[in-house]
Amino acid sequence: MSTADIMNMKPSQTRNKIIAHVDLDAFFVSVEELLNPSLRGKPVVVGGNPFGRGVVSAASYAARKFGVHAGMPSSQARRLCPRAIFLRGSHGIYSQYSSQVMEVLGRFTPAMEQVSVDEAYLDLTGCQRLHKAGAVEIAQRIHHAVHAETGLPASIGVGAGRIVAKIAANAAKPNGMMVINPGREAAFLAPLPIGKMPGIGPVSQREYMKLGIRRIGDLSQFKPEILRQIFGKHGAAMARRAQGEDGGHVDFSTGTEGRSGSQSVSREVTYSTDTGDPGRVRATVSYLAESVGRRVRKTGLVFDTVTLKLRRASFATVTRSRALSRTSDDTSVIYQAACDMLEPLLTGSRERVRLVGVGVRAMEKKPEQMDLFLMEQEARIEAVHRSMDQARDKYGFESALMARSILHGRG
DNA sequence: TCTGGGGTCCTAGGACCC
DNA sequence: TCTGGGGTCCTAGGACCC
């Protein structure tokens with residue numbers, strides 16, 4: 001092969017990647033069915049309170065027949081399917097099952113990227129010799145192993161890139177497998193509605209429709225510059241993806257080792273009924289600041305930006321953020337900054353408050369050395385928070401709340 | 001009984017500096 | 001007095017994903 005030939009090759013051809021996307025079917029519901037087999041085949045919904053402001057996290061296939069789906073308000077799910085069994089779910093148990101599944105997947109290849117609690121990409125490119133089997137057979141073994149060892153149904157998509165693998169897995173659901181052979185990517189994607197493309201949600205879907213782009217294949221009719229002008233970076237990437245050309249890069253640093261480091265930590269709460277009490281909102285901010293601070297200290301990272309989020313009764317949402325003069329992992333720094341940003345928002349509108357959120361951003365490793373001038377002061381504050389964290393580990397989070405947070409729970 | 005909670009990434013405007 | 005770009009940081013908002 002000449003150098004010119006190599007230069008002319010498209011990215012997906014330079015290495016014949018084999019990527020598998022493994023996606024657990026109706027994950028939360030499937031775990032609930034394992035724990036309680038009498039739920040099998042029934043309309044089951046895991047999510048928030050169907051008589052309150054919750055939303056659906058997962059719906060069984062029986063419930064989906066009524067039009068229930070993840071993300072829908074639980075109250076709406078209840079109206080669509082009054083006989084559905086609503087469960088609040090237990091995320092600790094789901095995490096345990098998730099770890100089990102990831103452990104099984106990790107045995108097939110170290111090149112694994114966990115992208116969420118119920119999804120992972122596997123790079124099987126080098127695995128055929130190791131497993132003495134073709135890609136299809138390896139995928140079948142994975143499918144079988146997940147079910148045999150965890151009892152959970154999964155769907156698997158295999159292709160030359162991440163996007164193709166993911167869409168194939170979706171198409172294979174439930175409990176199925178789909179392999180897209182090399183060179184067939186564009187043909188597989190072309191007839192699918194544009195909304196099936198990961199990254200294209202309801203808003204951009206409407207924009208694409210305006211251009212007459214209804215199916216993924218329609219993207220190729222447009223010059224990349226046009227798509228870039230309208231959709232920015234995203235548009236150009238989508239055109240490439242429509243041809244099945246994504247790098248197929250699997251970032252296995254997130255595998256069994258865990259995440260390489262988060263960019264942000266946040267907590268938010270929606271009141272069960274909107275509140276017009278500024279004192280209650282302040283108390284909630286205090287509670288959230290404590291919660292975020294505690295989680296930050298667990299990561300061993302420091303932040304340099306604090307953000308506050310407020311959603312009003314009308315659902316109008318405002319955010320404020322403030323960069324700090326230096327990094328911190330201190331609850332009182334979060335609290336102070338959040339309060340400073342909160343006051344003008346409380347004064348600025350008499351509308352009731354629906355949601356409050358507090359977060360921190362731009363996380364980096366906690367520095368070993370600290371400014372000597374500040375060390376003594378810091379050490380004292382830190383000692384207080386450490387002992388509170390310890391009490392919480394022992395007795396639960398609510399056991400050690402700052403006095404100002406106690407009000408949060410009232411009403 | 002409309003619309004959770006935890007994230008990621010992108011955009012766009014203004015400040016500020018060179 | 002008028003008038004430049006580029007680069008980077010900060011802030012607010014929004015789309016999207018699970």
Side-chain angles (χ1 to χ4, degrees), chain A residues 21 23-29 45-59 68-80 82 88-89 91 94-95 98 114-120 162-163 166 169-170 194-208 228-238 251 254 259-274 288 291-292 295 299 304-325 337 341 344-345 354-363:
Chain A
H21 185 253
D23 195 338
L24 298 168
D25 302 325
F27 176 48
F28 295 172
V29 166
V45 176
V46 174
N49 181 2
F51 295 94
R53 288 178 155 176
V55 300
V56 173
S57 298
V68 176
H69 59 81
M72 164 185 288
S74 298
S75 56
Q76 192 183 346
R78 200 183 105 254
R79 263 175 279 133
L80 287 171
R88 302 306 297 271
H91 288 259
Y94 304 153
S95 294
S98 173
Q114 182 178 351
V115 286
S116 76
V117 70
D118 65 348
E119 273 180 68
R162 294 167 65 104
I163 295 298
K166 185 175 168 64
N170 277 333
I194 195 86
K196 294 276 184 187
M197 178 74 86
I200 298 183
V203 176
S204 21
Q205 196 176 335
R206 277 196 296 277
E207 295 301 309
Y208 280 109
R228 173 179 284 279
Q229 269 174 36
I230 301 168
F231 301 102
K233 267 187 178 177
H234 228 56
M238 291 303 152
D251 176 8
T254 60
R259 310 231 140 241
S260 41
S262 54
Q263 314 272 320
S264 66
V265 173
S266 67
R267 276 219 60 185
E268 62 186 56
V269 287
T270 296
Y271 295 112
S272 52
T273 53
D274 304 335
L288 296 171
S291 178
V292 168
R295 273 168 45 196
T299 66
D304 77 359
T305 305
V306 178
T307 70
L308 176 79
K309 178 172 166 184
L310 213 71
R311 177 167 290 151
R312 310 209 190 258
S314 62
F315 217 73
T317 308
V318 288
T319 61
R320 293 289 179 267
S321 69
R322 172 174 297 181
L324 305 170
S325 53
M341 295 185 281
L345 295 180
R354 178 189 179 92
L355 167 150
V356 190
V358 171
V360 297
R361 279 203 334 247
M363 315 277 289

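Order of the sequence lines fixes the chain letters, A, B, ..., with proteins taken first and strands second; residue numbering starts at 1 for each chain. Note that this is a predicted model, so its numbers are computed, not measured.
Residue-level contact check: A/Arg88 touches neither bases nor backbone, having no heavy atom under 4.0 Å from any strand. Using a 4.0 Å heavy-atom distance criterion, A/Gln76 is classed as making no nucleic acid contact. Base engagement by A/Arg78 is indicated by at least one non-hydrogen atom pair under 4.0 Å involving a base atom. Nucleic acid contact for A/Gly48: none, since no nucleic acid atom lies under 4.0 Å from a heavy atom of the residue. Using a 4.0 Å heavy-atom cutoff across all strands shown, A/Val265 reaches sugar-phosphate atoms only and no base atom. At a threshold of 4.0 angstrom between heavy atoms, the contacts of A/Phe51 include nucleobase atoms, whether or not backbone atoms are also involved.
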Strand DNA chain B as a dot-bracket string - pairs counted if Watson-Crick or G-U with both distances under 3.5 Å, | where the partner lies in another strand | ....||||||||||||||
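A/Thr299 meets the side chain to side chain donor-acceptor pair (under 3.5 Å) test with no other residue; sequence neighbours excluded. Checked against salt bridge (charged side-chain N to carboxylate O under 4.0 Å, His left out), A/Arg322 has the following partners two or more places apart in sequence or in another chain: A/Asp340. Partners of A/Arg53 according to the salt bridge (charged side-chain N to carboxylate O under 4.0 Å, His left out) rule, which considers only residues two or more places apart in sequence or in another chain, are A/Asp274.
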Can you give one letter per nucleotide of nucleotides 8-18 of chain C, 5' to 3': B if a protein heavy atom sits under 4.0 Å from the base, S if only from the sugar-phosphate, - if neither?
-> ---BSS-SSSS
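When each of B/dT1, B/dG4, B/dG7 is scored by its nearest atom to the side-chain atoms of A/Arg295, the top-ranked nucleotide is B/dG7.
Both A/Lys233 and A/Thr270 lie close to DNA chain B; mapped to their nearest nucleotides by heavy-atom distance, the more 5′-ward contact belongs to A/Thr270. Place A/Ala70 and A/Gly232 on DNA chain B by their nearest nucleotides, and A/Ala70 ends up nearer the 5' end.
You'll find the side chain of A/Phe51 reaches within 4.5 Å of the side chain of A/Arg78, heavy atoms only. Contact check for A/Arg88 versus A/Asn49: side-chain heavy atoms found under the 4.5 Å cut-off. Between A/His21 and A/Arg162 the shortest side-chain heavy-atom distance does not fall below 4.5 Å.
Classification of the A/Phe28-A/Tyr94 ring pair by plane angle, with boundaries at 30° and 60°, yields parallel.
Rounded to whole Å, the distance from OH on A/Tyr271 to C1' on B/dG4 is 15 Å.
Regarding the sugar-base torsion, C/dT1 falls in the anti class, its angle being beyond 90° of 0.
Of the P atoms belonging to C/dC17 and B/dC2, the separation is 27 Å, rounded to the nearest Å. Annotation: C/dC16 and B/dT3 have their C1' atoms spaced 16 Å apart (nearest Å).
Of all the residues in residues 308-316 of chain A, A/Arg311, A/Phe315 reach under 4.0 Å from DNA chain B with at least one non-hydrogen atom.
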